[in-house]
Amino acid sequence: MNDKETKKWAQEMFEKLDSKLTVEALRLGHKIPYIPDEKTGLYEEDMAAADPAWWTNGFWAGIMWQMYHATEKKLYKETAEFSETCLDKALDIFTGLHHDVGFMWLHTAVADYRITHNERSKARGLHAAQLLAGRYNPRGQFIRSWNRDRSGWVIVDSMLNIPLLYWAKETLGDPRFGYVAEDHADKVMNHIVRADGSVNHIGVFDPTNGELLETPGGQGYASGSSWSRGQSWAIYGFVLSYVHTGKQKYLDTAKKVAHYFISEVSQTGWIPAVDFRAPKEPVMIDTSAGVCAACGFLEIAKHVEEYEKNLYMDAAMNILQAIEKNHAIWDEKKDGIIDDATGSYHYEKWTEVPIIYTDYYFVEAILRILDKDFLIW
Ligand code: GLY
């Protein structure tokens, strides 16, 4: 596909997205969506009420801010602002919050601040950044991911949370936030990314000295396997660390994981299995891993030599088109845009369903191709 054809396809997608997201935003009103109801195909549950601290509660606002940036439609802006104020409850409650404050506030308050420069949003974003920095373990040199007794647990998903710290560093002119983010990225790069470019989901470290103790399988098949969304968190997360620090080691790491991902996904029609190292049966896919990796590939393509660009651009386009062709829900009477995302290999409830973060990465990828996006990370 040449550049003109790629843009034509993306423009067609953008028009469909604008139409469907307008309908969804009007139908949803004041709710934060996650997964449509199995029976009605609509977003029935309101996550703002069900669980204000749930890690995905920012993605709907992220979609809305990206679409507002591209269209200037008031509906998108007002819908995003509503999610942002709902999340104040999570800041107040505090105890349910984990390292996912990055996902939650980059897409709400920080996106708002980047676009409108409003001071209340800046304060919310900085509040969330302080919470994330407060999870740093100076002996272990990592940010703890989860709560309870898991003081030494680091999950690769964290690579998409630390851009909140890069933003705080820039916004406050305070290098501490950068030191924390880079120490953490180094820990993940040196202990969670494997030599062959595959990635563990979890590293459990001794919290008193940072020594790696074990690598459970987490949301993937088993220890030693290769959870595809974890691979895409690493691809996109490391290239973002490169964007914010200029350090070549992070771009090299993103490329190494990208090459592994491409070698796997190209064997299954460009639709990722939930885990690249799970048994062949049952066949289980995760479209969210594909669209997130595609965003990472589109970002990597901006920072490599001309002769390398096509590898990443072609992989991104192959994935996006295969997913759209086989898994998009364009019926405006249903909620959710991309079907067949899977939350976790061993948790049947969220297997091959539309999940809000998949829609976010699909929207971002389409807007990226059209140069209508803004960097939310
Ligand atoms: N951050 C949790 C997940 O990717 O499902």
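All heavy atoms count here, side chains included; hydrogens, waters and symmetry mates do not. Both ligands and their constituent atoms are indexed starting at 1 by order of listing.
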- Task: Answer with yes or no whether the side chains of E364 and W377 bring together a donor and an acceptor at under 3.5 Å.
- Result: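 Note: W377 and E364 side chains meet the donor-acceptor criterion.
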- With no hydrogens and no angle check, do the side chains of W227 and D275 hold a donor and an acceptor under 3.5 Å apart? no
- Determine whether any heavy atom of Y347 lies closer than 4.0 Å to an atom of ligand 1. no
Does any N/O atom on [X] come nearer than 3.5 Å to any N/O atom on ligand 1?
{"X": "W233", "value": "yes"}
{"X": "D157", "value": "yes"}
{"X": "D100", "value": "no"}

- Message: Among all protein heavy atoms in this structure, tell me which lies nearest to atom 5 (O) of ligand 1, with the distance rounded to 0.1 Å.
- Response: R229 NH2, 2.6 Å
- Item | Geometric cation-pi criterion K187 and F205, 6.0 Å radius, 45° cone |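 Here K187 passes the 6.0 Å and 45° test against F205.
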- Is any side-chain heavy atom of I285 closer than 4.5 Å to a side-chain heavy atom of V274? no
- Message: Are L131 and V154 linked, directly or through intermediate hydrophobic residues, by side-chain heavy-atom contacts shorter than 4.5 Å (ILVMFWY only)?
- Response: yes
